[in-house]
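Remember, it's 1-based here, ligands and their atoms both numbered in the order they're listed.
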Amino acid sequence: MLDEKALAITPEDEGTERVFAVETRTGHGVRRVRHARHVVLAIGYYDHPNRLDVPGEDLPFVHHYYGEPHPHYRQRVIIVGGGNSAAESALEMCRAGAHVTLVHRGPELKSTVKYWVRPDIENRIKEGSIAARFNTVVTEIRPTAVLVHSAGSPAGATDVELPCDAVYLLTGYRADSAFIQQAGVRLDERDAPAHDPETFETDVPGLFVAGGAIAGADTGTVFIENGRFHGEKIVQVIASRLARR
Ligand SMILES: Cc1cc2nc3c(=O)[nH]c(=O)nc-3n(C[C@H](O)[C@H](O)[C@H](O)COP(=O)(O)OP(=O)(O)OC[C@H]3O[C@@H](n4cnc5c(N)ncnc54)[C@H](O)[C@@H]3O)c2cc1C
């Protein structure tokens with residue numbers, strides 16, 4: 001069903017058989033419960049941004065998703081992050097006429113930045129068309145500025161104030177681990193759900209995970225290229241069990 005969010009998955013015993021009650025709510029607010037012998041969690045991770053948890057993060061000019069550059073023509077834009085999303089949006093916004101400052105907690109861009117993006121962003125930083133502050137974290141977001149703190153600042157130094165018109169916190173995303181855990185699945189220390197890598201069945205029999213949802217905090221390990229094969233394997237496993245019934 002489209003436009004319908006799964007709210008909870010609860011294992012129930014029906015005679016000798018285990019079924020799952022899947023509770024959902026539609027975009028119109030209608031709640032339903034459906035029952036199924038097998039459930040596949042293919043919920044990805046893009047719905048849950050990694051938050052900085054700093055004051056001001058929910059101000060209206062602060063975004064966790066990048067859309068398009070043109071509204072930021074001639075604006076001062078702060079982009080927080082050091083991965084592909086940060087690098088690619090910085091380049092686009094810079095080319096669309098924004099004044100971009102990249103703020104990253106690491107000493108350099110992440111090693112996962114695509115090899116064809118890296119020289120472009122590094123050269124824009126080198127020539128000064130994109131400003132970059134590495135080893136720097138955001139401590140607060142105010143209505144007209146971001147406060148940042150750089151590693152190595154003298155003890156007691158006040159945070160630096162960077163005036164800005166828009167802020168993009170492109171610091172990654174993570175699967176809804178609370179939802180997965182609520183279904184009874186054990187998570188490891190990186191929030192990855194316990195599952196058999198051959199069948200993608202979790203430690204709750206009949207409940208499977210596929211795609212980005214298997215990655216926990218390490219979302220960089222699942223791409224379209226590998227994640228798309230999970231579903232095929234799961235369907236084979238379920239079909240062979242049903243054939244034996
Ligand atoms: C910014 C970005 C760029 C990327 N670029 C690339 C790339 O260039 N190449 C590449 O191979 N991979 C890329 N990826 C990774 C790729 O997007 C994922 O590997 C892939 O989308 C995972 O597919 P999925 O089906 O597991 O999850 P998704 O495609 O995220 O689909 C999950 C769906 O489940 C829905 N959902 C979540 N929770 C619920 C719920 N409780 N009830 C109902 N529905 C729910 C979500 O809304 C979503 O529609 C990128 C990811 C990001 C975030």
Run the salt-bridge test on [X] and [Y] with the 4.0 Å N-O cut-off and return the result as yes or no.
| X | Y | value |
| --- | --- | --- |
| E23 | R32 | no |
| D47 | K5 | no |
| R18 | E12 | no |

Query raised in the report: Between the side chains of E4 and T26, does any donor sit under 3.5 Å from an acceptor?
Result: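 There is no such pair between these side chains.
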
Query raised in the report: Are E88 and Y66 close enough that a side-chain donor and a side-chain acceptor fall under 3.5 Å?
Result: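 Distance-only check fails for E88 and Y66.
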
Can you report which non-hydrogen protein atom sits closest to [atom], along with the distance?
| atom | result |
| --- | --- |
| atom 31 (O) of ligand 1 | A42 O, 4.2 Å |
| atom 11 (O) of ligand 1 | E225 OE1, 2.6 Å |
| atom 24 (P) of ligand 1 | G212 N, 4.1 Å |
| atom 28 (P) of ligand 1 | G44 CA, 4.1 Å |

Hey, looking at [atom], which of [options] has the closest heavy atom?
| atom | options | value |
| --- | --- | --- |
| atom 15 (C) of ligand 1 | Y45, F179, Y46 | Y45 |
| atom 35 (C) of ligand 1 | N226, D47, I214 | D47 |
| atom 43 (C) of ligand 1 | E88, E4, K114, M1 | E4 |

Could you tell me, atom by atom, which parts of ligand 1 come under 4.0 Å of a heavy atom of [X]?
| X | value |
| --- | --- |
| V222 | 19 (O) |
| G211 | 26 (O) |
| K5 | 41 (N), 42 (N), 43 (C) |

Requested in this report: Answer yes or no: does an N/O atom from A6 fall short of 3.5 Å to an N/O atom of ligand 1?
Outcome: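 Yes; at least one N/O pair falls below 3.5 Å.
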
**Report entry** Short N or O distance, I224 and ligand 1, threshold 3.5 Å exclusive
**Finding:**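 Yes: some nitrogen or oxygen of I224 is under 3.5 Å from one in ligand 1.
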
Requested in this report: Over all heavy atoms of both residues, which pair between R174 and D191 is shortest? Give the atoms and the distance, please.
Outcome: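 Reported closest heavy-atom pair: NH1-OD2, 3.1 Å.
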
Requested in this report: For residues F208 and H38, report the shortest heavy-atom separation together with the two atoms involved.
Outcome: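 Closest pair (atom of F208, atom of H38, distance): CE1-CD2, 4.1 Å.
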
Requested in this report: Report yes or no: does G227 have a heavy atom closer than 4.0 Å to ligand 1?
Outcome: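 No, that is not the case, since the closest heavy atom of the residue is not under 4.0 Å from the ligand.
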
Query raised in the report: Do other residues, nucleotides or ligands put more than 12 heavy atoms under 6.0 Å from the CD atom of E198?
Result: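 For E198, atom CD is not crowded (no more than 12 foreign heavy atoms under 6.0 Å).
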
Query raised in the report: Within a radius of less than 6.0 Å around CZ of R105, do more than 12 heavy atoms belonging to other residues, nucleotides or ligands occur?
Result: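 Check fails, neighbour count at 12 or below.
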
Verify [atom]: protein non-hydrogen atom under 4.0 angstrom away:
| atom | value |
| --- | --- |
| atom 51 (C) of ligand 1 | yes |
| atom 7 (C) of ligand 1 | no |
| atom 26 (O) of ligand 1 | yes |
| atom 3 (C) of ligand 1 | no |
| atom 17 (O) of ligand 1 | no |

Report task. Decide if the gap between the ring center of Y173 and the ring center of H48 is smaller than 6.0 angstrom. Result ->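 No, too far apart.
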
Report task. Run the numbers on R142 and E140 for salt bridge (Lys or Arg N to Asp or Glu O under 4.0 Å), then give the verdict. Result -> CA-CA 6 Å; R142 293 180 178 169; E140 185 179 341; 3.2 Å; yes

Query raised in the report: Is it the side chain, the backbone, both or neither of I43 that has a heavy atom closer than 4.0 Å to ligand 1?
Result: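 Both backbone and side chain.
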
Query - Residue portion contacting ligand 1 (non-hydrogen atoms closer than 4.0 Å) for S85 - result: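 Within the 4.0 Å criterion, S85 contacts ligand 1 through side-chain atoms alone.
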
Query raised in the report: When hydrophobic residues are tied together by side-chain contacts of less than 4.5 Å, even through go-betweens, does V148 share a cluster with L170?
Result: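 Each belongs to a different hydrophobic cluster.
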
